[in-house]
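Scope of the values below: all heavy atoms of this structure, side chains included, with no hydrogens, waters or symmetry mates. Everything quoted here is computed from the prediction, not taken from an experiment.
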Amino acid sequence: MEDSSGSRKAMARWDSTTDRLLISEVLRHLRNGEGANKNFSLKIWNLIAGRINEPSVALGNPTLSVSQVKNRYFVMKRGWKDFTGLLKTNGFHWNQERGTVDAEKVVWARYLRSHPKARVFKHKPLENFEDLCKIFDDTEQTTSARSSQG
């Protein structure tokens, strides 16, 4: 990845703490009415990136570019879509205790043939699921899908 000066930018490293900070910042700006149709202006993305970078700057670590922050947002959105796709599919059941989606092996096999990226959710939950529903604006539909599945 290159920055505006033409030099290569190091690959971004995301962890659950940084993801949580991104989600919190996006939710804060949405609550403030600053994300019309879930789209933020460059000014807002700069503010979000600045807040995410505060801990890194304080420790002298590399910072994330606005494009890296936006990319992570869209990676989260794709993961959320894959996860909620499972919730809306017959044969899958919401496991409230574990926060996962369960199904028989044959159901998983059939689904993964056409949705291979969903494989990651076969044995683990989607972190920050409820907040991602708030961000990606499908809470009502997803909640009803979870409720009807079990």
Check whether Asn32 reaches the backbone of Glu34 with its side chain - one donor and one acceptor, N or O, closer than 3.5 Å. no

I'd like to check His29 versus Leu47 (side-chain heavy atoms, cut-off strictly below 4.5 Å). Are they in contact? yes

Nearest 0.5 Å, what's the CD-CG distance between Glu97 and Asp102? 10.5 Å

Evaluate side-chain contact (heavy atoms from CB on, under 4.5 Å) for Leu30 paired with Phe40, printing each intermediate quantity in order. CA-CA 9 Å; Leu30 288 174; Phe40 295 111; 3.7 Å; yes

Residue pairs fulfilling salt bridge (charged side-chain N to carboxylate O under 4.0 Å, His left out) with at least one residue in residues 41-54, sequence neighbours excluded: Glu25-Arg51, Arg51-Glu54

Can you tell me how far CD of Gln68 sits from CG of Asn71, rounded to the nearest 0.5 angstrom? 8.0 Å

Taking it one step at a time, do Val75 and Arg72 satisfy side-chain contact (heavy atoms from CB on, under 4.5 Å)? CA-CA 5 Å; Val75 166; Arg72 184 60 178 173; 3.8 Å; yes

Would you call the rings of Phe74 and Trp45 parallel, tilted or perpendicular, taking 30° and 60° as the class edges? tilted

Using distance only, find each side-chain donor-acceptor pair of residues 110-117 under 3.5 Å and give its atom names and separation, not counting sequence neighbours.
{"from": "Ser114", "atom 1": "OG", "to": "Tyr111", "atom 2": "O", "distance (Å)": "3.4"}
{"from": "His115", "atom 1": "ND1", "to": "Tyr111", "atom 2": "O", "distance (Å)": "3.2"}

Just so I know, are the side chains of Trp14 and Val69 near enough to count as touching, which here means a heavy-atom distance under 4.5 Å? yes

Is there a donor-acceptor pair closer than 3.5 Å between any side-chain N or O of Asn128 and the backbone N or O of Asp131? no

A side-chain contact here means heavy atoms from C-beta on lying under 4.5 Å apart; do Leu126 and Leu132 qualify? yes

Heavy-atom side-chain contact between Thr18 and Leu22 under 4.5 Å: no

Distance from Ile44 atom CD1 to Arg28 atom CZ, nearest 0.5 Å? 8.5 Å

Quick one, Lys134 with Leu27, criterion side-chain contact (heavy atoms from CB on, under 4.5 Å). Give me CA distance, side-chain angles, the key distance, then yes/no. CA-CA 8 Å; Lys134 293 174 191 171; Leu27 285 171; 3.8 Å; yes

Run the ring pair (Phe, Tyr, Trp, His ring centres under 6.0 Å) test against Phe83 and tell me which residues pass, sequence neighbours left out. Phe121, Phe129

Decide yes or no on side chain to side chain donor-acceptor pair (under 3.5 Å) for Ser16 and Asp19, but give the supporting numbers first. CA-CA 5 Å; Ser16 59; Asp19 280 347; over 6 Å; no

